Amino acid sequence: MRTFFVILALGAVVVATVECKRDNGAYCDDARPCPSGFACDLTSRECHVSSLGGADLAGLSTDMAGCNCSGPTPICVAGQCVSCLSTSDGDAACATASPPTPHCEPTGAAMGECVGCRDANDCSGLTPFCDEGSHACRGCIADSECPSLICDLTPDSSTHGQCVPAANVVYADPVGDNSNGLTPATAKKKIQDAINTAVGLMPARLYVHVAAATYDEGIGVTGNNTIYVVGATGAIVHRTGGGDVLGASGNGSVTVRNLVITADMGNGGNCNGARLTAYQTQFINSKQVGVIAMNCTPLFLDGCTVSGNMLGGITIQSGDFSVYNSFIVKNNGTGFFQSMMSANTFFVNDTVADNN
């Protein structure tokens, strides 16, 4: 009975010794080769310096002492920088050597480097995407990355770089089944129908996603309603009948991003006693003015193109406005016209050229 107990104890000691060797930076096997200049003793499973006749390096460690390692050789072993793939546990070695980059990259141009992430599985929370170039976790930078098809790309937004929840979106798509609009498959065929659905829900949904297609209609809000319309690349609103395309009136607030807007008979955008905001939107080739504003609170354009409109580019009859980073070019009339002084006016980093 006593002999049996001693055998178990010895077995425990042997296991502990093996585990201790694996934690030792000198340990080597097929998955953990020795760094250049060292040889693996397959009996002891330890690296030895070849040029010194097999001197024991049991004190080898994977800390950064005595090294200034980076790039493809980020781990310090016995005073020498090696790839994280040269260790038995690359992630653990990276986490110890550089906590901000705790993952060992096994493939590609960054193979052997310690990186912030290898793919989306290494990311979570507010930064769920792994950037292919920098190998760092980040928020969304394109609508297509998000399950809802909308990424918050609004400058200075408190949720910038986060995917808008699908539960806050109504969808417009000519190939949808025109039912409730709450998913891409059940999308409304008209943008205005999607807007009406969104503002009419309890609670209201704040976003409308517009699939790539050409829509022949006028869109907008009035009253105290608020909506944010986001177009996929190729989303065009071309109204062939009478009237303006995009309107905001009666204290309403409408924001659009990534749309192409053309009116065969009216204005591209019309803001009257409301708030109209547009990002990366084209107001082009309308019969009247590209964008007209009266008592807006305010009119806000950022990164827009206003071009080819028959009666001018932007006309401010009254009210505040902010126009940033926009091109107002080749309009048949005044490029930018303000007929009355306003309290808050910003016209910054814009190009106004070749207007008639």
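Everything numeric in this text was worked out from a predicted model, so none of it was measured. The analysis underlying the following values was restricted to heavy atoms, covering all of them including side chains, and did not include hydrogens, waters or symmetry mates.
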When you compare the side chain of [Y] with that of [X], does any pair of heavy atoms fall below 4.5 Å?
X	Y	answer
I75	T87	yes
V260	I284	yes
S307	F327	no
M340	Q317	no
N270	V245	no
Q282	I261	no
I314	L301	yes
V229	V210	yes

Any sub-3.5 Å donor-acceptor pair from [X]'s side-chain atoms to [Y]'s backbone N or O?
X	Y	value
D131	S134	yes
K287	A263	no
N168	L206	yes
D244	N267	yes
D350	S326	yes
Q162	C151	no
D320	N344	yes
E113	P74	no
N355	I328	yes

Taking less than 2.5 Å as the test, are the sulfur gamma atoms of [X] and [Y] close enough?
X	Y	answer
C76	C81	no
C123	C117	no
C140	C163	no

What pair of heavy atoms forms the shortest contact from [X] to [Y], and how long is it?
X	Y	result
L85	M111	CD1-CG, 3.6 Å
A248	V254	CB-CG1, 3.5 Å
L149	H209	O-CD2, 3.4 Å
C94	C84	SG-CB, 3.6 Å
A194	Y171	CB-O, 3.9 Å
E217	V237	O-CG1, 3.5 Å

Original post:
Hey, would you say the F347 and F321 ring centroids sit under 6.0 Å apart?
Top reply: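 No, ring centres 6.0 Å or more apart.
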
**OP:** Assess whether atom CG of L126 is packed by more than 12 heavy atoms of other residues, nucleotides or ligands within 6.0 Å.
**Re:** no

Original post:
Near K189 NZ, under 6.0 Å, is it more than 12 heavy atoms from other residues, nucleotides or ligands?
Top reply: yes

Subject >> D143 with R257: basic N within carboxylate O range, under 4.0 Å >> reply: yes

**OP:** Decide, yes or no, whether a salt bridge links R118 with D91 under the criterion of side-chain N to carboxylate O below 4.0 Å.
**Re:**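 A salt bridge links R118 with D91.
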
Common cluster, [X]/[Y], ILVMFWY with side-chain heavy-atom separation under 4.5 Å:
X	Y	result
Y207	I195	no
V169	L153	no
Y279	I150	yes
L259	I236	no
V289	I316	no

**OP:** Give the intermediate values and the outcome of side chain to side chain contact (heavy atoms under 4.5 Å, CB included) for residues R239 and D216.
**Re:** CA-CA 5 Å; R239 189 171 188 176; D216 186 353; 4.2 Å; yes

Does a donor on one side chain sit under 3.5 Å from an acceptor on the other, for [X] and [Y]?
X	Y	result
S83	S86	no
S342	T345	no
Y228	T277	no
T240	D264	no
S249	T222	yes
T186	D177	no
S157	T159	yes

Subject >> side chain to side chain contact (heavy atoms under 4.5 Å, CB included) evaluation trace for F129 with E145 >> reply: CA-CA 9 Å; F129 303 99; E145 292 182 324; 3.9 Å; yes

Subject >> V256 and its side chain to side chain contact (heavy atoms under 4.5 Å, CB included) partner, picked from L246, V230, I227 >> reply: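 Option passing the side chain to side chain contact (heavy atoms under 4.5 Å, CB included) with V256: L246.
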
Original post:
Is there a side chain to side chain contact (heavy atoms under 4.5 Å, CB included) between F300 and F346 once you walk through the steps?
Top reply: CA-CA 9 Å; F300 187 98; F346 299 90; over 6 Å; no

Original post:
Between N331 and V306, does a side chain to side chain contact (heavy atoms under 4.5 Å, CB included) hold up when you go through it step by step?
Top reply: CA-CA 8 Å; N331 295 284; V306 185; 4.3 Å; yes

